[in-house]
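Only heavy atoms go into these numbers, but all of them, side chains included; no hydrogens, no water, no symmetry mates.
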There are 2 protein chains.
Amino acid sequence: MPQSRTLNQEISLSVIKTACSNCNLRELCLPFGLSLEELERLDDLISTRRRIKRGDHLYRAGAPFDSIYAIRSGFFKTDVLLEDGREQVTGFQMAGELLGLDGISTESHTCNAIALEDSEICAIPFARLESLSREIHTLQHHFHKVMSREIVRDHGVMMLLGTMRAEERLAAFLLNLSQRFTARGFSHAEFYLRMTREEIGSYLGLKLETVSRAFSRFQEEGYIAVQQKHIRILDVNGLKALMNHRV
Amino acid sequence: MPQSRTLNQEISLSVIKTACSNCNLRELCLPFGLSLEELERLDDLISTRRRIKRGDHLYRAGAPFDSIYAIRSGFFKTDVLLEDGREQVTGFQMAGELLGLDGISTESHTCNAIALEDSEICAIPFARLESLSREIHTLQHHFHKVMSREIVRDHGVMMLLGTMRAEERLAAFLLNLSQRFTARGFSHAEFYLRMTREEIGSYLGLKLETVSRAFSRFQEEGYIAVQQKHIRILDVNGLKALMNHRV
DNA sequence: TTTCATGGTTGACATGGATCAAGCTAACGC
DNA sequence: GCGTTAGCTTGATCCATGTCAACCATGAAA
């Protein structure tokens, strides 16, 4: 049956493409620093790949934890909800970054992960990752680094929320995005925001109007060009200067 | 020489007391869940114990990382400094908690850890911890849980800084301290603050005057009794209610 | 093409917390 | 016991950001 043979070929092709060893994000992601042989062992572990449509949840707060997720493509936000409806966006994640580390602690997720555009993720069963990282020193160490980096990142956000004023926060936010896009081979100066002003505001501890005004102000000052979600950075140093001096 | 024999006895006694297997914090700390035999292997690893005087640094931002630290007794703060002098306190740590996880990511510390009272810590060489946790599954898993708990805690602080008003922040802070003191067998209703109003303020993203006013207000409302650093919680539910309703 | 809905911008005004300033308390060294 | 100092409290005032409201832009659905 030629039809089913074609189907099989397609499947095996897609399986090859899924593997970490063929993934162009491997230097940003969990496989960083692994040898070819080690990479193949990691491939065995990452069997599930899932598409998440824009607006859908990858997981919800309270759901049982069993895997962490590597973003293969797309864009996510994570948030925590208070009973009274207040939302805090705790982060925005892009390709090559890991989601779900919060779930290890209590064996259930403590935040929501929501796709901000159609995305694709690799599910990594956590028990198997622990088991493999008992065998592969490099993997173990790199995983620890990734968790630690998350802690350091969070401290940066605490700094931002605790001591910076509105425009400093937004400048820091834009510079951080720019730097992460650059690391992924995209333009450092021009990108589309995947999130709304309200989501940016929630992340930065500001109201959406304040975010909007700060964007307008940056545009007036010639630091950036904004058109809705399209951002062009015209003066990186201007933005950086904003953050360093007390105004 | 009887004198030196006494000295030796004292030393070996103190060594025994240092071991995780004899530590009354073991259920709160890294050894959680280990068998007796596993505990002894962990003991071998934790050779260094250090006293840190009030006001001294356990480590500084930028210092090379090689160990994490378990607090045996005392009280610490961690903070991040911006070039322009702004300080963000990123946490307060007490007995049984781990310090230094931030250093794993870049192999150098990213914050300062400062003793708020005379303290004692156990240094845990990180390379050896990784190596041992490759052999002891329970240790590995528990360590991952501790790191993940730190991430979850940080998300809680982000929520606090991003969406709560001054009095909610302080109420959350007091309830958190109370709960952690309770877990260590101290009174949940009465304790001494080890940090100044300014340090509380830095942690909560507020100025010291605002912290002071909020304390006074809580006292007027009958939620707590404050006398400088001495706190008595009189109405836990009052404090909790403060956090749940939008005022 | 028009309509509708969602998200963004801008203005006018309100306010929570910052800032500035004065005085108070408690602990510690002499 | 006394003076000094760091830390705390409280009051008066100010301002950055929140709130409320109107309007605009864009894209999807009809």
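Atom CD1 of A:I200 and atom P of C:dT9 are 9 Å apart (whole Å). Rounded to a whole Å, the NZ atom of B:K207 is 19 Å from the C1' atom of D:dA12. Computed from coordinates, the B:R54 CZ to D:dG7 P distance equals 8 Å when rounded to whole Å. The distance between atom CD of A:E168 and atom C1' of D:dT17, rounded to the nearest whole Å, is 14 Å. Rounded to whole angstrom, the span from the CZ atom of B:R197 across to the C1' atom of D:dA6 amounts to 13 Å. Counting to the nearest Å, the P atom of C:dT19 and the CG atom of B:L206 are 11 Å from each other. We find that CD of A:E209 is positioned 12 Å from C1' of C:dG7, with the value rounded to whole Å. A straight line from CD of B:Q228 to P of C:dC28 spans 13 Å, rounded to a whole angstrom.
When distances run from any side-chain atom of B:R165 to the nucleotides D:dA16, C:dT9, C:dG16, the shortest one goes to C:dG16.
The residue among A:L208 and A:Q227 whose nearest nucleotide of DNA chain D lies closer to the 5′ end is A:L208.
Looking at heavy atoms from C-beta onward, B:M243 lies in side-chain contact with B:L175 at the 4.5 angstrom threshold. For the pair A:Y203/A:V157, a side-chain contact is recorded, criterion being any heavy-atom separation below 4.5 Å from C-beta on. For the pair A:F173/A:V211, no side-chain contact is recorded, criterion being any heavy-atom separation below 4.5 Å from C-beta on.
At C:dG16, none of the side-chain N or O atoms of B:T210 fall inside 4.0 Å of OP1 or OP2 (strictly under the cut-off).
Contacts of A:G205 with the nucleic acid, taken as non-hydrogen atoms under 4.0 Å apart, involve only primed sugar atoms and P, OP1 or OP2. Nucleic acid contact for B:S212: base, since at least one base atom lies under 4.0 Å from a heavy atom of the residue.
Distance check: B:R86 CZ to A:M164 CE gives 6.0 Å after rounding to the nearest 0.5 Å.
Checked by distance alone, B:R169 brings no side-chain donor or acceptor within 3.5 Å of a matching partner on the base of C:dG17. Within 3.5 Å, a donor on the side chain of B:R213 pairs with an acceptor on the base of C:dT19, or the reverse.
When A:R149, A:R184, A:R153 are each tested for a salt bridge (Lys or Arg N to Asp or Glu O under 4.0 Å) with A:E97, only one passes: A:R184.
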